[in-house]
Structures are given as C-alpha cells and as structure tokens.
Amino acid sequence: YFTVQPHTLLRQHLDYGHWYDREKPGTLKDITKVQYISCMNPTAGSFTISPRLQRHFTVFAISFPTREALTTIYNTILTGHLKLTRVHGALSKLAPTIVEASLDLHARVTATFLPTAIRFHYIFNLR
C-alpha cells in the first residue's frame with residue numbers, strides 16, 4: 001500500500017492510458033489529452049531511469065553554454081528590456097557591465113557554496 005514509485009505510475013499511464021482507482025478496486029480511470037516533458041540533472045540525484053519508462057521519451061543531452069554564449073544571451077535580453085522600457089541611455093550603456101558582474105557573481109557563488117549531503121539545496125542557476 002502506497003509503495004508504488006511515481007515513475008511506475010507514469011509508465012503505467014504511458015503504456016496503458018489509465019490508472020486504477022485506489023478507493024474502488026478494479027475501477028479504471030482513463031486519463032486523456034496529457035503530455036509529459038521531463039528533465040534530469042546530470043550532477044545530482046539518480047543518473048538512470050527505467051528503460052521501460054525512458055523508451056517513451058526522446059532524449060536530448062545539452063551541455064551548459066559557454067561564458068561567451070551566456071554573455072551574448074543575457075546582453076541581448078537585458079538590452080532589449082532596457083530599450084522596451086525606455087530606460088535612460090546612460091543606464092542602458094551599463095548593460096554589458098551588469099551582465100558580466102552577474103556572471104562573475106554566479107561563478108563565485110557556485111564555486112564557494114558547493115552542494116553536500118547536508119546542504120543539497122546549494123544548487124544555483126542563472127534564472
């Protein structure tokens with residue numbers, strides 16, 4: 001009772017299109033018009049999933065972008081935002097400096113505050 005792993009329930013739905021009702025044994029609940037999207041963190045948690053579940057997904061492996069790519073991405077976003085909101089020109093010229101400072105801060109924080117078994121929540125991203 002309550003021992004089924006969540007990924008097994010997902011696999012059952014993907015294979016058969018339904019779940020069994022726990023309160024009314026033998027009753028099926030058909031689940032329709034559902035899409036699943038998932039991701040896995042290659043640096044934390046389990047690195048494998050059941051092949052019976054994975055076969056339902058297309059797998060993409062994407063590397064973390066380089067510093068140059070991140071600079072281009074965030075400069076484009078920040079510059080566009082500043083133009084859209086009509087921020088003063090002097091502040092708009094600071095966009096590359098703000099982006100570089102943000103990337104430097106992120107690099108220092110991720111190098112200083114490493115995740116451990118006790119501090120597993122020390123995972124920082126650039127959102």
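Sequential numbering from 1 along the given sequence is applied to the chain's residues. Predicted model only: the values in this text are computed from it and were never measured. Both backbone and side-chain heavy atoms feed into the values below; hydrogens, waters and symmetry mates do not.
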What residues form a salt bridge (charged side-chain N to carboxylate O under 4.0 Å, His left out) with Lys93, not counting sequence neighbours?
none
Mind checking salt bridge (charged side-chain N to carboxylate O under 4.0 Å, His left out) for Asp15 and listing every partner two or more places apart, or none if nothing turns up?
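With neighbours one apart ignored, the set is Arg11, Arg55.
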Same apolar cluster (I L V M F W Y, side chains within < 4.5 Å links), Leu105/Phe113:
yes
When clusters are formed by joining ILVMFWY residues with side-chain heavy atoms under 4.5 Å apart, either directly or through shared neighbours, do Leu10 and Val34 land in the same one?
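The answer is yes; both residues are in one hydrophobic cluster.
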Should the ring pair His18 and Tyr16 be called parallel, tilted or perpendicular, given that the plane angle runs from 0 to 90° and is split at 30 and 60?
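Plane angle between 30° and 60°, so tilted.
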Distance in Å, [X] [atom1] paired with [Y] [atom2], rounded so as to fall on 0.5 Å steps:
X	Y	atom1	atom2	answer
Thr32	Asp30	OG1	CG	7.5 Å
Thr72	Ile77	OG1	CD1	11.0 Å
His106	Arg67	NE2	CZ	10.5 Å
His7	Ser50	NE2	OG	7.0 Å

For the side chain of [X] and the backbone of [Y], is there at least one donor-acceptor N/O pair under 3.5 Å apart?
X	Y	result
Thr112	Val109	no
Trp19	Gln12	no
Thr27	Lys24	yes

Would you mind reporting whether Asp21 and Leu28 have side-chain heavy atoms less than 4.5 Å apart?
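Counting from C-beta outward, Leu28 and Asp21 never come under 4.5 Å.
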Contacts of Thr71 meeting side-chain hydrogen bond (donor to acceptor under 3.5 Å, both in side chains) (sequence neighbours excluded), chain-then-number -> Glu100
Using the side chain to side chain contact (heavy atoms under 4.5 Å, CB included) criterion, which residues pair with [X]? Sequence neighbours excluded.
X	answer
Leu70	Phe64, Pro65, Tyr74, Leu103, Leu126
Thr85	His81, Val87
Leu14	Tyr36, Leu53, His56, Phe57

Can you establish whether the number of heavy atoms outside Ile118 located under 6.0 Å from its atom CD1 is more than 12?
no
Contact summary for Ala95 and Leu82, nearest pair of heavy atoms:
CB-CD1, 4.1 Å
